[in-house]
> 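Sharing a structure, written as structure tokens. Questions coming.
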Amino acid sequence: MKKKKIKKAIILLVVLAVIGGVAAGGLFAYKNYRSENMQAEVRAVSSLNWGYWGDNMTSVGYVANDYVQSVYTDDKTVAELKVSEGDSVSIGDVLLVYDTTDVQLQIEMEQLELQGIENDIKLAERDLEKLKKITPVSSTTSNQPASSKPSTSTNKTTVQKKKPSSVVVMQVQKKDGDAYNYIDKTAKPYEGKGTPDKPYRFLCTPECYVTGEYLNLLVKKEQVAAFEIWSGNSLSEGTLISCWTVNGGEKSAVDKDSKWAVATQEQLEEDVVLEEETEETTEKKDTQTTEKESDEPTYTADELRKEIAEKENEIKKLNVDKKKSDIELQKLKKEQESASVLATINGVIKTAGDPENPPMDGSAFVEVTGAEGMYIEGTISELMLDQIEVGQEISANSWTNGQVYMATITEISEYPSEGNGGYYGEGNPNVSYYTFLAYIDNPEGLNNGDYLELSITPTANQEETNSLFIDKAYVREENGRYYVLKAGAEDRLEKHYIQTGRTVYGSAIEIKSGLAETDRIAFPYGKTAKEGIKAVDAEN
């Protein structure tokens, strides 16, 4: 009886297992069927592109058909006046040309200053490398206190004293043509007044040195001198190789018998002597070498760290100075390039001054009264000043008739205006605003005094007008990376990683790479948002 019950139970289990297997297989087959036949709608990226969303600047301007261009010479010298009273001029015509002699001199001096800073950076970096190669000694074995260690600095603002060489000085000729082999207090600069803006300038040979006596003279009189090395020892045919600028007002006195190499800005430790190599001289050199090595500074670990930190800070400061000098040099070059003053409006010359007798009462040297066309006067924040330029087009929407006009910027003021720039009261009170003028060639429907809403696309953004922005909903994030579901091989969805950029208005995201307008993508959420799903084009 028990055997029959066991047999029936086994049969029941087998039947249930078969039924379960059939059910599981059917479920798998059903799911596979659904996956194979499930479809996801895809849309062309071109239809999802929001277009370019640049940070256009907006402000308010007004029409001024009676605009007058006034040119003030300030402290500049007019080299040539190109117009006369009554002449008709067009936008871009040259009105006058300034004398740029002083500017050119300032450029040359700034280039020398920049060259000196760059040399100081190289020397400081070399000192830093030396410091990093030094092996620190134990604080108990250090035979030289930190305060007595000679500084490794070769910066032009710090000149260190060193023991004068006891070797007999080899006599050298003072000049090689126009270039000095050494500079002492009797040397004559080829130009300069010894001031920071007009330092004494000396033409030096690559082997030239400056005596400590002359450096002390600069310190005493707080004068500035520039020691220049030119290729071929020629100012007219050569090019500037290096320049050592010494500001006596920033230096301390040195040993009057010391000598300082112009090429390296370092003190000469020994003078060259022309003599045959003998056993006696060889022994003397070995002794001098041993003495020199014993004079090398030693540092404990803490002292070395401090020296390295100070040198690194010095290099940082020099790099800041270099950046400032670069900016000043570019400013001067821009001033030189703008020596020609151009007409910013179409009109007639109302006033033309005399270059030999410019007005001293603050009045304009040249005035141009407007003729045909109309002008818009608007303002721009100083933060965006480098993003607009003369010749750039802007759009102007009239508040009176609703029409949109295209205008061309003809002038940007060099001086800030008062107020917040007409930014609907949203102007930043902490920045200045600058007036600009734009010309409308076809002003039909506009009247003098009409107000307009101005829209300006910064020049840096104009190159991005082909940027791709799509709805954020079509982009998903996974472990810090962004992807889309793109129709790939055999029209099946594939996970495709992309590089994104800015988000505008919280709705659109910039696609910087990985996606083209010809691609087709699906909505990456929901039951059909899976790889391998069949892609079909959406109906709309």
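Just so you know, residue 1 is the first one in the sequence shown, and it goes up from there.
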> If I compare all heavy atoms of G378 with all of L454, which pair ends up nearest, and what's the gap?
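Closest approach of G378 to L454, heavy atoms only: CA-CD1, 4.0 Å.
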> Would you name the heavy atoms of I470 and I521 that are closest together and state the gap between them?
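Smallest heavy-atom distance, with atoms named: CD1-CD1, 4.1 Å.
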> Tell me, please, which residues at least two apart from F523 pass ring-ring contact (aromatic ring centres under 6.0 Å, His included).
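ring-ring contact (aromatic ring centres under 6.0 Å, His included) list for F523, sorted by chain: Y474, Y525.
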> Can you name the side chain to side chain donor-acceptor pair (under 3.5 Å) partners of Q336, sequence neighbours left out?
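So Q336 forms a side chain to side chain donor-acceptor pair (under 3.5 Å) with Q104.
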> Can a salt bridge be assigned to the pair E337 and K334 using a cut-off of 4.0 Å between side-chain N and carboxylate O?
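Judged by the 4.0 Å cut-off on N to carboxylate O distance, E337 and K334 do not form a salt bridge.
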> From I509 CD1 over to T500 OG1, what is the distance, rounded to the nearest 0.5 angstrom?
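It is 4.0 Å, given to the nearest 0.5 Å.
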> Closest heavy-atom contact between I117 and S325?
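Closest approach of I117 to S325: CD1-CB, 4.1 Å.
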> Enter the distance from I376:CD1 to Y62:OH here, rounded to the nearest 0.5 Å.
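The OH atom of Y62 is 11.5 Å from CD1 of I376, to the nearest 0.5 Å.
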> For side chain to side chain contact (heavy atoms under 4.5 Å, CB included), just list the numbers for Q111 and L240, CA-CA rounded to whole Å, side-chain angles, deciding distance to a tenth of an Å, and then say yes or no.
CA-CA 10 Å; Q111 288 173 332; L240 183 65; 5.8 Å; no
> Write down the atom of Q69, the atom of L342, and the distance for their closest heavy-atom approach.
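It is NE2-O, 3.1 Å.
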> Under 4.0 Å between a Lys/Arg side-chain N and an Asp/Glu carboxylate O for K331 and E110?
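Not counted as a salt bridge, because no side-chain N and carboxylate O are separated by less than 4.0 Å.
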> More than 12 heavy atoms of other residues, nucleotides or ligands under 6.0 Å from NZ of K495: is that the case?
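Yes, because the 6.0 Å sphere around NZ of K495 holds more than 12 heavy atoms from other groups.
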> When you measure from the side chain of T100 to the backbone of V103, do you find a donor-acceptor pair of N or O atoms at a distance under 3.5 Å?
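No: the side chain of T100 does not pair with the backbone of V103.
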> Is the backbone of I91 close enough, under 3.5 Å, to the side chain of N346 for a donor and an acceptor to pair up by distance?
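Yes, because the side chain of N346 sits within donor-acceptor range (under 3.5 Å) of the backbone of I91.
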> Under the side chain to side chain donor-acceptor pair (under 3.5 Å) test, which residues partner R305, sequence neighbours left out?
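By the side chain to side chain donor-acceptor pair (under 3.5 Å) rule, R305 matches D302.
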> Which pair of non-hydrogen atoms, one from V262 and one from W244, has the smallest distance, and what is that distance?
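It is CA-CE3, 3.9 Å.
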> Please report the interatomic distance CZ(R492) to NZ(K530), rounded to the nearest 0.5 Å.
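Reported value, rounded in 0.5 Å steps: 13.5 Å.
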> For the atom pair CD (E125) and CD (E129), what is the distance rounded to the nearest 0.5 Å?
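E125 CD to E129 CD: 8.0 Å, rounded to 0.5 Å.
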> Can K322 and D120 be counted as an ion pair, charged N to O under 4.0 angstrom?
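So K322 does not pair with D120 through a salt bridge.
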> Would you name the heavy atoms of V97 and K82 that are closest together and state the gap between them?
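Heavy atoms only, the tightest pair is CG2-CE, 4.1 Å.
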> Please answer whether the main-chain N or O of A508 pairs with a side-chain N or O of D471 as donor and acceptor at a distance below 3.5 Å.
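No.
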> For the OG atom of S432 and the CD1 atom of I380, what is their distance to the nearest 0.5 Å?
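Reported value, rounded in 0.5 Å steps: 13.0 Å.
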> Test R520 against D491 for salt bridge (charged side-chain N to carboxylate O under 4.0 Å, His left out), laying out the working first.
CA-CA 10 Å; R520 296 175 300 152; D491 266 349; 2.5 Å; yes
> Check each of E477, Q499, H496 against Y482 using the side chain to side chain contact (heavy atoms under 4.5 Å, CB included) test, and report the only one that passes.
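It is E477; the other options fail the test.
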> Distance from T408 atom OG1 to Y375 atom OH, nearest 0.5 Å?
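That separation rounds to 11.0 Å.
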> Only counting residues at least two apart or in another chain, list the ones meeting side chain to side chain donor-acceptor pair (under 3.5 Å) with E228.
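For E228, the residues satisfying side chain to side chain donor-acceptor pair (under 3.5 Å) (neighbours in sequence not counted) are Y190, R201, W230.
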> Who are the side-chain contact (heavy atoms from CB on, under 4.5 Å) partners of I241, not counting sequence neighbours?
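side-chain contact (heavy atoms from CB on, under 4.5 Å) check on I241 returns I229, S231.
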> Under a 3.5 Å distance rule, please check whether N119 uses its side chain to pair with a backbone N or O of C243 as donor and acceptor.
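It does hold such a pair.
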> Check the pair Y98, D102 against side-chain hydrogen bond (donor to acceptor under 3.5 Å, both in side chains), reporting the backbone distance first and the verdict last.
CA-CA 11 Å; Y98 288 121; D102 289 342; over 6 Å; no
> Under the rule for ring-ring contact (aromatic ring centres under 6.0 Å, His included), what residues qualify as partners of F436, not counting sequence neighbours?
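With sequence neighbours excluded, F436 shows a ring-ring contact (aromatic ring centres under 6.0 Å, His included) to no residue whatsoever.
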> For E478, look at atom CD and say whether over 12 heavy atoms of other residues, nucleotides or ligands are found less than 6.0 Å away.
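Yes - once you tally the heavy atoms of other residues, nucleotides and ligands closer than 6.0 Å, there are more than 12.
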> Testing K317, K316, K311 one by one against E314 for a side chain to side chain donor-acceptor pair (under 3.5 Å), which residue passes?
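Testing each of K317, K316, K311 against E314, the sole residue satisfying side chain to side chain donor-acceptor pair (under 3.5 Å) is K311.
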> Does I107 reach the side chain of E335, with side-chain heavy atoms less than 4.5 Å apart?
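SC-SC contact between I107 and E335 ruled out.
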